[in-house]
Protein chains: 2
Amino acid sequence: MAHDHVMPTDLTRNQELVLGTLNHAPAPLSAYDILDLLRSEGLRAPLQVYRALDKLVERGLAHRLESLNAFVACADEHCHRKGLIAFAICEGCGKVDEFADAVIEERLGKWAGATGFKVERTTMEIRGKCAECLKAA
Amino acid sequence: MAHDHVMPTDLTRNQELVLGTLNHAPAPLSAYDILDLLRSEGLRAPLQVYRALDKLVERGLAHRLESLNAFVACADEHCHRKGLIAFAICEGCGKVDEFADAVIEERLGKWAGATGFKVERTTMEIRGKCAECLKAA
DNA sequence: ATCAATACGTTATAGCATAACACTGCTGCA
DNA sequence: TGCAGCAGTGTTATGCTATAACGTATTGAT
């Protein structure tokens, strides 16, 4: 099911180009990686990419990986995911696996309730080696 | 109990200066913030700070907050914490609360077992507003 | 005393992100 | 019709974060 992404129709040209690039990438891309891939399409400045990324992230079509300063397309075809998403980043091949866990989210909610902290968003990034890379080693 | 930190005796001068700075800060500091605070002590280059930070983080005396590109002193006096630590970062006052949750860690372990992913380290950062800032609003 | 390992200091550079400004094209509404 | 407002665009310049590459100094074990 790889690359089986839905591309919304109401994106601007730049947003579409950036999301398309992320959809076809096997691993996270930095904004500058994206820019380099899109120079042939006429993009010239980092801001063009960052602005598109901002919108895509805002809409949940892409995610920012804080520990990499890089971005991935959302893996969920319908991109309706709310709440906590965890990312498992393989340091061998660079691939990212995205998953949600209700138990973790609930646990976090309990902690928040107990301390009076109001959670606005959470990033959870797991670094390690994926099964495939472990086998290969 | 604020600022009730233990300072190991086997740190180098730069490491001690950097850790001291983090210990006295009310909120996370970037490497360049630290550098500016330590110019009076003779530090001149980012690398002096980054090298000290590397060692401190390696020893668990400080933590890096990926979503801020900033650093905090470890809140645990004995700094023996292993495994997953979650950070709750208040966007009002900037304060960071550090906590560990065995259930989340176990849950993560289960996911790893099921997928064959080998976890090396995990960062979990929660953005929101602390109880105090909510009251003040 | 020698060697290896670690830390240090410095300059230069790479990589990530945003400020500020001018302009375009669209929507809606007086 | 015309204008106000908004979102998106393009461009230049700049700021913040992090590391490469070099040489020197200090430490500690044998």
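These numbers come from the heavy atoms of this one structure, side chains and all, not from hydrogens, waters or symmetry mates.
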*Look at the aromatic rings of B/Y32 and B/Y50 and report parallel, tilted or perpendicular, splitting at 30° and 60°.*
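Correct class here is perpendicular.
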_Classify B/A31 by what it touches in the nucleic acid, base, sugar-phosphate, or nothing, heavy-atom distance under 4.0 Å._
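No contact at all - B/A31 keeps every heavy atom at 4.0 Å or more from the nucleic acid.
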Any [X] side-chain nitrogen or oxygen under 4.0 Å from OP1 or OP2 of [N]:
| X | N | answer |
| --- | --- | --- |
| A/R44 | D/dT11 | yes |
| B/T12 | C/dC8 | yes |
| A/S30 | C/dC16 | yes |
| A/Q48 | D/dT9 | no |

Nearest to side-chain heavy atoms of [X], which nucleotide of [options]:
| X | options | result |
| --- | --- | --- |
| B/P46 | D/dT17, C/dC8, D/dT19 | D/dT19 |
| B/R51 | D/dG8, C/dA20, C/dT10 | C/dT10 |
| B/Q15 | C/dA7, C/dC16, D/dT11 | C/dA7 |
| B/R64 | D/dA18, C/dG9, D/dT9 | D/dA18 |
| B/N69 | D/dT17, C/dA17, D/dA21 | D/dT17 |
| B/Y50 | D/dT19, C/dA7, C/dT11 | D/dT19 |
| A/N14 | D/dT19, D/dT9, C/dC8 | D/dT9 |
| A/L47 | D/dA21, C/dT18, D/dT17 | C/dT18 |

_Would the base of C/dA14 count as contacting A/Y32 through its side chain, where contact means a donor and an acceptor less than 3.5 Å apart?_
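Donor-acceptor pair under 3.5 Å: no.
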Nearest-Å distance for atom pair [atom1]/[atom2], residues [X] and [N]:
| X | N | atom1 | atom2 | result |
| --- | --- | --- | --- | --- |
| B/K55 | C/dA5 | NZ | P | 13 Å |
| A/L68 | C/dA17 | CG | P | 11 Å |
| A/L43 | D/dG8 | CG | P | 15 Å |
| B/R13 | C/dC8 | CZ | P | 10 Å |
| B/L11 | C/dA7 | CG | P | 11 Å |
| B/L38 | C/dC8 | CG | C1' | 15 Å |
| B/L53 | D/dA18 | CG | P | 9 Å |
| A/L17 | D/dG8 | CG | P | 15 Å |

Would you call [X]-[Y] a salt bridge at under 4.0 Å N-O?
| X | Y | answer |
| --- | --- | --- |
| A/E66 | A/R64 | yes |
| A/R121 | B/E91 | yes |
| A/R59 | A/D54 | no |

*Establish, from distance only, whether the side-chain atoms of B/R127 and A/T122 form a donor-acceptor pair under 3.5 Å.*
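No - no donor-acceptor pair under 3.5 Å links their side chains.
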_Ring centers of A/F71, A/H63 separated by less than 6.0 Å_ =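 No, they do not, as the ring centres are separated by 6.0 Å or more.
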